[in-house]
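The structure appears right after this line, and notes come after that.
This is a predicted model, so every value here is computed, not measured. Both counts, for ligands and for their atoms, begin at 1 and track the order of listing.
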Amino acid sequence: MDSFAEFDQATIAAIATPPGAGGIGIIRISGQRALAVLSRLFAPARGEVSHFRSHQLRYGWIVDPASRRPVDEVMVVYMAAPATYTREDVVEIHGHGGYVVLREILGLILAGEGVRAAEPGEFTKRAYLNGRIDLTRAEAVLDLLNAGSREGLNLAVSQLQGGLQQRLEPVRQALLDVLAVVEVAIDFPDEGAEIIDGAELSRRLEDQVRAPLRELLDRAGQGRIYREGASVVILGRPNVGKSSLLNTLLQDERAIVTAVPGTTRDTIEEGLNIHGMPLRIIDTAGIRETTEEVEGIGIERSRRRVADADLVLLLVEAGVEPAAEDLALYDSVRDKKVLVVVNKLDLLAPPAAGQALAAWQRQFPDRDLVGVSAHSGAGLEKLEELIFRLISGGKPRDPGYACVPNARHEAALVRALPAVEQLQAGLVADLAPELLAVELQSCLGCLGEIIGETSSEDLLDTIFSRFCIGK
Ligand code: GDP
């Protein structure tokens, strides 16, 4: 982090509450001049303006220093560094929530010396640059703001509490311990061979480094699902009941249900929660050759959706022989997770329904299969159960495992694992200690990237620009 030690030290200010009228609106100021800025504008109802006590609210007015005109009735709080969000002096002004009045107060603040408007995420960025939080926690703040489900929120909170960093710390420590041994061997070249017990160190790396990293990586997919929602695509030839099934799942009438093939011209996407897992269910226009242009666009979009899907529901019709089109559709998704859904069971009497299911199962022997009726709702519970099981891999999220890596962490973990494996191979093959040290540094580098020990200005910009102003 040394390269960022001299970041811009200006005092920054922004409206921290969202635009629009609210019960209260908050302006946040951070930096060395925060208290001076406040003192210039604040007229307390009681006591001297200079009598601020850290972390205590005071009541009074914001007054335009030039005209002495009162602008808003406020509560203000001064929080002395370092026990603050940014680890700098922080001031918050809680005014009436109107946007015009907040803009006016902000204008008075920014007219002061050495203060400028904060950029998106800059308060959180300072918390990171000043060492209060690591990068995973800064990202957790963003996840928390954007959480779309209770589970997603729980994940963000655990990460904000440092869950991921705490998991990585012992891994890093284990690598540092091995590095210490290797460095001794470098310093005493004659005894190098006796100092390094390659097989034993490699075993230690297996337990203390590779296994925990592997587990983190396994959780990454789950984390993405809880954060962003898994995508489930409904695929099937025209008229098998895709729109009807989507509607029944949603108990909603958004998809237009018709008996004419090919009328669902575009993909329709809806959000749904199954056992606390957020899903995006997508009804495709059907992947078929067509000459009609509008449908062609829909089909191209469908193909992309299928490629990205976490699960494909292949919808077929009970009591109908498998058509070439069903098999072609199946072929196009062979390498994905597929659940075969046999629809329109209500059209068949129970024994025939059983035979129809068995016939479709023979067609797709390696796949999970469920019979439903989009019309009556029969089989829906089992369908939801299977969707959940197939996406989560049978494991409900373990609340005790309080951290789940995001895509950025995942990318670093994907790089770290082969680096660890190469290091292990090097240890077993009695590689020169100098080379082992290089391998070790590369593993440590990948972990450092995750917690933000080593990170480029570009990466920080990418992360923090996703925040809103005032956060
Ligand atoms: P899509 O082209 O695959 O989206 O199919 P639709 O949802 O538009 O349905 C095609 C036709 O099948 C419509 O007439 C629906 O009413 C009918 N249908 C859909 N699901 C069922 C079902 O479970 N049972 C029965 N009997 N008819 C269904």
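The pair Lys337-Asp310 does not count as a salt bridge, with every side-chain nitrogen at least 4.0 angstrom from each carboxylate oxygen. The existence of a salt bridge linking Asp461 and Lys125 is confirmed by a sub-4.0 Å separation between a basic side-chain nitrogen and an acidic carboxylate oxygen.
Counting the atoms of ligand 1 from 1 in the order shown, those under 4.0 Å from a heavy atom of Leu347 are 26 (N). Atoms of ligand 1 lying under 4.0 Å from any heavy atom of Asp346, numbered from 1 in the order shown and given with element: 22 (C), 23 (O), 24 (N), 25 (C), 26 (N). Ligand-side atoms of ligand 1 in range of Lys242: 1 (P), 2 (O), 3 (O), 4 (O), 5 (O), 7 (O), range being under 4.0 angstrom from any heavy atom. Residue Asn239 has at least one heavy-atom neighbour below 4.0 Å for each of these atoms of ligand 1: 1 (P), 2 (O), 3 (O), 5 (O), 10 (C), 11 (C), 12 (O). Within the listing of ligand 1, atoms 6 (P), 7 (O), 9 (O), 15 (C), 19 (C), 20 (N) sit less than 4.0 angstrom from a heavy atom of Ser244.
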* To do: Decide yes or no on side-chain contact (heavy atoms from CB on, under 4.5 Å) for Val91 and Ile27, but give the supporting numbers first.
  => CA-CA 8 Å; Val91 160; Ile27 292 174; over 6 Å; no
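Here side-chain hydrogen bond (donor to acceptor under 3.5 Å, both in side chains) pairs that include residues 411-427, with residues two or more places apart or in two chains, are Glu206-Gln424, Arg210-Glu421, Arg415-Glu449, Gln422-Glu439.
A cation-pi arrangement is present between Arg132 and Tyr85, with the terminal nitrogen or guanidinium carbon under 6.0 Å from the aromatic centre and inside a 45° cone about the axis.
Looking at ligand 1, you'll find an N or O of Ala374 within less than 3.5 Å of one of its N or O atoms. Polar contact check, Pro238 against ligand 1: no nitrogen or oxygen pair lies under 3.5 Å apart.
Here Leu245 has no heavy atoms under 4.0 Å from ligand 1, in either its backbone or its side chain.
For Phe364 and Tyr330, the distance between ring centers is under 6.0 angstrom.
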